[in-house]
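Read through the structure below, which is laid out as structure tokens, and then see the notes.
Because the structure is predicted, anything quoted here is derived from the model rather than measured.
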Amino acid sequence: QVQLVESGGGSVQAGGSLRLSCAISGYGYNNYCMGWFRQTPGKEREGVSHISYSGQSTFYADSVKGRFTISRDNAKNTLYLQMNSLKPEDTAMYYCAAAGSSYTYNQYVRGREYEYWGQGTQVTVSS
């Protein structure tokens, strides 16, 4: 059974930093891309960042470009999101996701639904 478990969320003041982690277990696929998403109550889920299996390809939403950095350690089966210069509008529940099919990285970046999701970790940024 595939499990994704996020950690690292919390409350910080504007301008602060947090590092989210996502540990994946029970995964039987190779060459899978992963992503980070966020959602606030009453709003649609927003794709924040994506990363290919090798880590050579990354994508960022305009709202976080230059402030967030996605990375992964495949030996540790862990995905990361370094978030710097946090703003109140970054407040949300953050979810990690993993691909579980033969669709390409670009297809997931363009909106293909990821197959596996974590339960989320809350990030709250105060002004």
Side-chain angles (χ1 to χ4, degrees):
Q1 183 178 355
V2 178
Q3 282 193 318
L4 282 73
V5 180
E6 302 95 336
S7 61
S11 297
V12 296
Q13 289 192 327
S17 297
L18 284 173
R19 189 194 196 201
L20 304 184
S21 298
C22 172
I24 184 168
S25 61
Y27 201 78
Y29 293 93
N30 291 319
N31 197 25
Y32 58 96
C33 58
M34 298 188 73
W36 286 100
F37 293 76
R38 64 187 182 187
Q39 190 169 22
T40 54
K43 291 189 177 181
E44 286 191 2
R45 188 176 61 199
E46 175 189 13
V48 175
S49 185
H50 304 264
I51 187 168
S52 63
Y53 181 76
S54 68
Q56 290 185 336
S57 296
T58 58
F59 171 88
Y60 297 95
D62 288 342
S63 57
V64 306
K65 201 172 293 184
R67 300 187 298 121
F68 290 11
T69 302
I70 191 171
S71 62
R72 64 191 294 171
D73 185 335
N74 291 331
K76 296 182 178 179
N77 295 320
T78 304
L79 175 72
Y80 304 99
L81 186 67
Q82 178 67 44
M83 306 186 296
N84 298 329
S85 303
L86 282 162
K87 304 175 181 179
E89 50 264 44
D90 295 318
T91 295
M93 185 72 79
Y94 283 71
Y95 300 90
C96 66
S101 71
S102 59
Y103 290 96
T104 67
Y105 164 78
N106 286 330
Q107 287 175 305
Y108 286 98
V109 171
R110 288 197 294 265
R112 166 76 189 178
E113 181 81 3
Y114 281 87
E115 283 74 15
Y116 301 106
W117 293 83
Q119 294 299 308
T121 185
Q122 178 67 37
V123 171
T124 303
V125 185
S126 58
S127 57

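- In the hydrophobic cluster analysis, where Ile, Leu, Val, Met, Phe, Trp and Tyr join through side-chain heavy atoms closer than 4.5 angstrom, Leu79 is grouped together with Tyr60.
- Atom CZ of Phe37 is separated from atom CZ of Arg45 by 6.0 Å, given to the nearest 0.5 angstrom.
- Partner of Met83 under the side-chain contact (heavy atoms from CB on, under 4.5 Å) criterion, chosen from Val125, Thr69, Val123: Val123.
- Neither Tyr53 nor Tyr114 shares a network with the other; the hydrophobic side chains, linked directly or stepwise wherever heavy atoms of I, L, V, M, F, W or Y lie under 4.5 Å apart, form separate groups for each.
- Of the possible polar contacts, one joining the Arg72 side chain to the Ser52 backbone as a donor-acceptor pair under 3.5 Å is found.
- A donor-acceptor contact shorter than 3.5 Å is absent between the side chain of Gln13 and the backbone of Ser126.
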The test is side chain to side chain contact (heavy atoms under 4.5 Å, CB included); show your working for Gln122 and Thr91 and say whether it passes.
CA-CA 8 Å; Gln122 178 67 37; Thr91 295; 4.0 Å; yes
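- Between the CD1 atom in Ile51 and the OH atom in Tyr80 there is a gap of 11.5 Å [rounded to 0.5 Å].
- Hydrophobic clustering, with ILVMFWY side chains joined whenever heavy atoms are under 4.5 angstrom apart, groups Leu81 together with Val64.
- Between Tyr108 and Glu115 the shortest side-chain heavy-atom distance falls below 4.5 Å.
- Atom CD in Glu6 sits 4.0 Å away from atom SG in Cys96 (nearest 0.5 Å).
- Taken to the nearest 0.5 Å, the CE atom of Met34 stands 12.0 Å off from the OH atom of Tyr116.
- Criterion: ILVMFWY side-chain heavy atoms under 4.5 Å apart, direct or through other members. Under it, Ile70 and Leu86 are part of a common hydrophobic cluster.
- Annotation for Tyr95 and Gly118: closest pair CD2-O, 3.6 Å, computed over non-hydrogen atoms.
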Could you please spell out the steps behind the side-chain hydrogen bond (donor to acceptor under 3.5 Å, both in side chains) verdict for Glu113 and Tyr103?
CA-CA 10 Å; Glu113 181 81 3; Tyr103 290 96; over 6 Å; no
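- With hydrophobic clusters built from ILVMFWY side chains whose heavy atoms lie under 4.5 angstrom apart, Ile24 does not share a cluster with Tyr105.
- The distance from atom CH2 of Trp36 to atom CD of Glu46, rounded to the nearest 0.5 Å, is 14.5 Å.
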Where do Ser71 and Gln82 land on the side chain to side chain contact (heavy atoms under 4.5 Å, CB included) test, with the steps shown first?
CA-CA 8 Å; Ser71 62; Gln82 178 67 44; over 6 Å; no
For Ser63 and Glu89: C-alpha separation, side-chain torsions, deciding distance, then whether side-chain hydrogen bond (donor to acceptor under 3.5 Å, both in side chains) applies.
CA-CA 9 Å; Ser63 57; Glu89 50 264 44; over 6 Å; no
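- Checked for salt-bridge contact, Asp90 and Lys87 miss the test: no charged N lies under 4.0 Å from a carboxylate O.
- Interatomic distance, CE of Met93 versus OG1 of Thr121, reported as 7.5 Å (0.5 Å rounding).
- The backbone N or O of Gly15 sits nowhere less than 3.5 Å from a side-chain atom of Ser85 that would complete a donor-acceptor pair.
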